[in-house]
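What follows is a short report on a single structure.
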Amino acid sequence: MRKAWAAGVWAIASLIVVFLITLPISLQAHLIAGSIVVLTMILLKTFGPPVGVFRMIALALGTAIVLRYVYWRTTSTIPPISQIEDFIPGFMLYIAEMYSVFMLFLSLFVVSSPVPKRPTPPIPADQTPTVDIFVPSYNESSDLLASTISAALGIDYPADKFTVWLLDDGGTDQKCEQDDSVAAEEARSRRAELQRLCEGLGARYLTRARNEHAKAGNLNNGLENSTGDLIVVLDADHAPTRDFLKETVGFFLQEENLFLVQTPHFFISPDPLERNLDTFDYMPSENEMFYGIIQRGLDKWDAAFFCGSAAVLNRRALKETNGFSGITITEDCESALELHSRGWHSIYVEKPMIAGLQPDSFASFITQRSRWAQGMMQILRFHFPPLKRGLTLAQRLGYSSSSLFWLFSYPRLMFLISPLFYLFFSLQIFTAAGAEFLAYTTTYMLVNLLMQNYLYGRYRWPWISELYEYIQSVYLFPAVVSVIANPSKPTFKVTAKGETLEEGHVSQIGRPFFIIFAILVVGLFVTIYRLLTEPFNADVLIVVGAWNVLNIIIAGCALGVVSERRNRRRSHRVELMRRGELLVGGATYPVSIEDGSLGGTRLRPNANVVLPEINRGDMALLRFKTLADNIPIDTIPLAIRNIENDDEGVLLGCQFMPDQPLHHRLIADLIFANSDEWHKFQHSRRNNPGVLIGTFRFLRMSIFHTGRGLSYLVHLHKLWRERRRRRPTGAAAKRG
């Protein structure tokens with residue numbers, strides 16, 4: 001009876017909503033209704049609680065305006081098919097908009113009520129599972145691997161209950177015996193070096209015969225040669241904190257059919273957008289929207305999925321699928337999809353407990369995102385989550401949202417070029433008056449911005465999503481099209497990490513963004529010209545011209561993204577504030593360890609401590625109390641690189657000089673052990689500026705970085721002319 005009553009209420013509510021959406025009202029009435037909705041959403045966001053019924057009311061009001069816009073676009077604005085030159089671009093834009101609306105509704109379903117923080121379950125001493133920690137590697141440096149392995153070895157867990165494995169795909173038999181003698185020697189040298197490193201640290205080294213099935217094959221080889229109850233996967237640049245296992249393992253003791261506990265990917269280095277726009281210290285990173293709320297939303301529907309690293313998996317579950325799936329190049333999400341369809345469950349723990357590195361160059365960033373996009377398209381083609389047997393309806397919608405998201409490149413490019421159809425060619429891609437277009441589109445965009453801010457405000461600032469999507473779309477669109485046409489074509493490509501940029505320069509793949517910006521600026525001048533010569537079309541020209549100006553603002557900001565700042569630092573500095581002792585000439589001096597990186601640290605002598613005479617290049621030792629109790633040494637050699645004086649006294653810049661593997665254990669304990677550091681830094685950036693202030697900030701940022709990007713281009717042109725001037729010509733060139 002109760003179900004029938006609820007179904008009746010739902011049906012009546014649906015009919016009322018449909019009636020209101022399709023109700024024919026005047027343009028003035030629509031503007032009034034839209035303004036009331038916008039004002040109500042602002043009031044609910046400002047004075048209402050962040051979750052609960054008021055949140056649902058605000059989202060429902062916004063949904064009504066969006067649906068009314070969809071009804072208007074569908075019934076009143078599409079050009080007639082008889083005007084084929086208008087209909088084709090007009091319908092292409094319509095499809096792009098409907099995709100965006102569909103993804104908005106999917107995201108509303110996913111994140112409408114995300115799972116709150118779970119209490120950490122205890123791990124009884126007599127039930128402690130055994131754990132194998134896998135660090136898969138392909139071409140990463142030994143220093144980077146030493147840091148990750150050392151941090152893993154320092155995890156607070158019974159020493160006889162976990163084993164750290166380096167799974168080396170760069171030293172396989174296939175690579176060591178290849179025909180290229182130089183490459184073969186490099187592979188053999190790498191294998192020997194990493195074997196010595198693992199032996200010195202106390203980890204296990206494992207390679208295999210052939211490089212088959214990329215990362216999935218490497219992980220499966222690890223499964224075949226290990227026996228732990230649980231498997232932890234850590235990317236080569238993902239160093240865990242001490243509490244990683246204590247915060248995750250207990251969930252497997254609570255739930256028998258749990259296959260995954262996933263934790264966030266936290267990054268201590270900026271991605272190219274954050275570095276080149278200088279936003280890393282105060283703006284939430286791109287991944288925080290996904291790990292801060294989307295994964296929590298998926299978790300509510302038992303659809304949080306494996307993200308390739310920073311996760312604990314159940315060996316029993318993996319045995320059921322013969323290990324990690326390797327059909328696609330995104331083995332993580334594919335494996336989770338298969339296990340969810342077999343009735344296994346997942347949990348997401350929103351606590352940053354690994355420290356990773358972002359791609360340093362824009363080209364590496366695009367390589368990484370292309371792999372993700374192509375892998376998710378392969379999942380869509382090979383497994384098609386909406387119809388995957390064994391999944392619940394909620395899981396189907398969750399996986400559909402995660403895979404279909406990567407089609408964003410199509411609408412983003414359509415929104416970019418659509419105004420130009422009218423400005424350059426006078427194509428009528430909208431059959432609506434300028435005032436009508438402005439009224440419906442403005443209310444829709446405002447409501448859309450408010451809904452996004454309501455859902456993601458602390459995790460993603462206004463217009464930043466549009467910027468991230470634009471800088472990726474230029475290259476992701478052809479990548480996605482290629483995998484749709486040939487889903488078996490993509491191959492796994494490792495993302496470069498720890499790169500250095502000796503000088504500022506325009507990215508080697510940055511030229512298209514300057515060309516697009518120039519075309520959009522030409523569109524601006526065409527708008528002005530047509531306003532002067534076609535005053536009878538002023539209403540439409542103003543609206544379309546404003547749309548083009550918005551694209552110019554986004555495209556101009558992108559010029560700053562592809563204009564690479566100099567980055568000579570291989571490792572990134574972290575605030576520490578630990579106590580230590582500096583050993584110089586046999587004497588001990590108490591110091592404060594202010595900050596540090598994998599390469600070195602900065603030390604400040606305690607108050608009233610007078611150091612002996614120290615010069616640049618002098619050697620010393622640093623001693624500090626480690627958080628781990630299984631490191632047999634407590635001092636690491638240093639070289640003094642800088643001596644500064646400030647208002648608080650002397651500050652020493654020191655470089656670590658490790659000369660044995662165990663020194664990497666000390667460095668990892670100092671830099672990576674404490675998850676509270678990542679938590680504090682993450683939350684220091686999670687503030688919601690609101691739509692108005694966020695828009696103003698983005699506009700200011702765009703103006704500055706448009707100028708910076710153009711200045712890079714001018715500098716590049718001067719260098720090119722100088723090189724041409726110096727190039728030998730004629731007889732001199734022939735003699736050269």
Side-chain angles (χ1 to χ4, degrees), residues 140-151 153-154 193-194 196-197 200-201 237 239 268-269 355 357 360 497-503 566-607 609-628 631-646 648-674 677:
E140 294 82 8
S141 70
S142 59
D143 287 342
L144 182 64
L145 292 170
S147 300
T148 301
I149 295 170
S150 295
L153 288 165
E193 180 184 11
L194 294 184
R196 289 192 299 270
L197 175 67
L201 291 173
D237 62 304
I268 59 172
S269 67
L357 299 178
D360 291 288
K497 304 285 181 66
E499 300 170 284
T500 58
L501 303 172
E502 295 297 330
E503 300 294 340
R566 184 175 68 178
N567 177 32
R568 295 183 177 178
R569 187 186 299 277
R570 284 192 175 274
S571 54
H572 299 268
R573 201 165 289 278
V574 179
E575 291 188 10
L576 296 173
M577 301 309 297
R578 299 262 297 265
R579 295 178 180 178
E581 295 176 334
L582 186 67
L583 282 64
V584 182
T588 301
Y589 303 91
V591 295
S592 173
I593 307 171
E594 294 207 337
D595 57 38
S597 68
L598 295 179
T601 184
R602 289 197 297 184
L603 308 176
R604 188 182 296 279
N606 290 0
V609 172
V610 179
L611 294 176
E613 183 178 347
I614 298 178
N615 299 308
R616 292 184 60 183
D618 286 353
M619 298 298 296
L621 293 174
L622 174 65
R623 175 188 292 135
F624 59 91
K625 181 175 175 54
T626 60
L627 298 180
I631 304 178
I633 60 174
D634 63 355
T635 60
I636 182 171
L638 300 173
I640 309 299
R641 293 305 184 203
N642 293 298
I643 305 173
E644 304 173 10
N645 287 279
D646 57 19
E648 299 181 32
V650 178
L651 189 63
L652 303 178
C654 307
Q655 179 181 353
F656 293 130
M657 303 296 288
D659 55 19
Q660 58 174 295
L662 286 175
H663 286 148
H664 292 286
R665 295 283 307 273
L666 287 174
I667 297 171
D669 186 273
L670 183 66
I671 305 298
F672 300 120
N674 188 4
E677 294 295 332

How far does CZ of Arg665 sit from CG of Leu670, to the nearest 0.5 angstrom? 14.0 Å
Can you confirm whether Leu638 sits close enough to Leu621 that some side-chain heavy atom of one is under 4.5 Å from a side-chain heavy atom of the other? no
Student check: side-chain heavy atoms of Phe672 and Ile268 closer than 4.5 Å: yes
Measure across Ser147 and Ala668 and return the closest heavy-atom pair with its distance rounded to 0.1 Å. O-CB, 3.8 Å
Over all atoms of both residues, closest heavy-atom pair of Leu611 and Pro605: CD1-CG, 3.4 Å
Within residues 631-644 or reaching into it, pairs that qualify as side-chain hydrogen bond (donor to acceptor under 3.5 Å, both in side chains) - sequence neighbours excluded: Arg641-Gln655
Let me check something: any side-chain donor-acceptor pairs from residues 581-594 under 3.5 Å, sequence neighbours excluded? List them with distances.
from, atom 1, to, atom 2, distance (Å)
Glu581, OE1, Arg623, NH1, 3.1
Glu594, OE2, Arg604, NE, 2.7

Are any non-hydrogen side-chain atoms of Leu598 and Ile667 less than 4.5 angstrom apart? yes
Answer yes or no: is there a donor N or O on one side and an acceptor on the other, between the side chain of Asp646 and the main chain of Gly649, under 3.5 Å? yes
Distance (rounded to the nearest 0.5 Å) between Ser150 OG and Leu153 CG: 6.5 Å
Got a donor-acceptor contact below 3.5 angstrom from the Thr601 side chain to the Ser597 backbone? no
Under 3.5 Å: donor-acceptor pair, side chain of Asp595, backbone of Leu576: no
Thr626: side-chain contact (heavy atoms from CB on, under 4.5 Å) partners, not counting sequence neighbours: Phe624, Ile631, Leu666, Asp669
Taking every non-hydrogen atom, the tightest pair across Asp618 and Asn615: OD2-N, 2.8 Å
Would you say that Pro637 contacts His663 through its side chain, given a criterion of any heavy-atom pair below 4.5 Å between the two side chains? yes
What heavy-atom pair brings Ala628 and Gly154 nearest, and what distance separates the two atoms? CB-O, 4.1 Å
For residues Leu197 and Ser142, report the shortest heavy-atom separation together with the two atoms involved. CD2-O, 3.8 Å
Any side-chain heavy-atom pair from Leu622 and Leu603 closer than 4.5 angstrom? yes
Closest non-hydrogen atoms of Pro658 and His664, given as atom of the first, atom of the second and distance, are CG-CE1, 4.2 Å
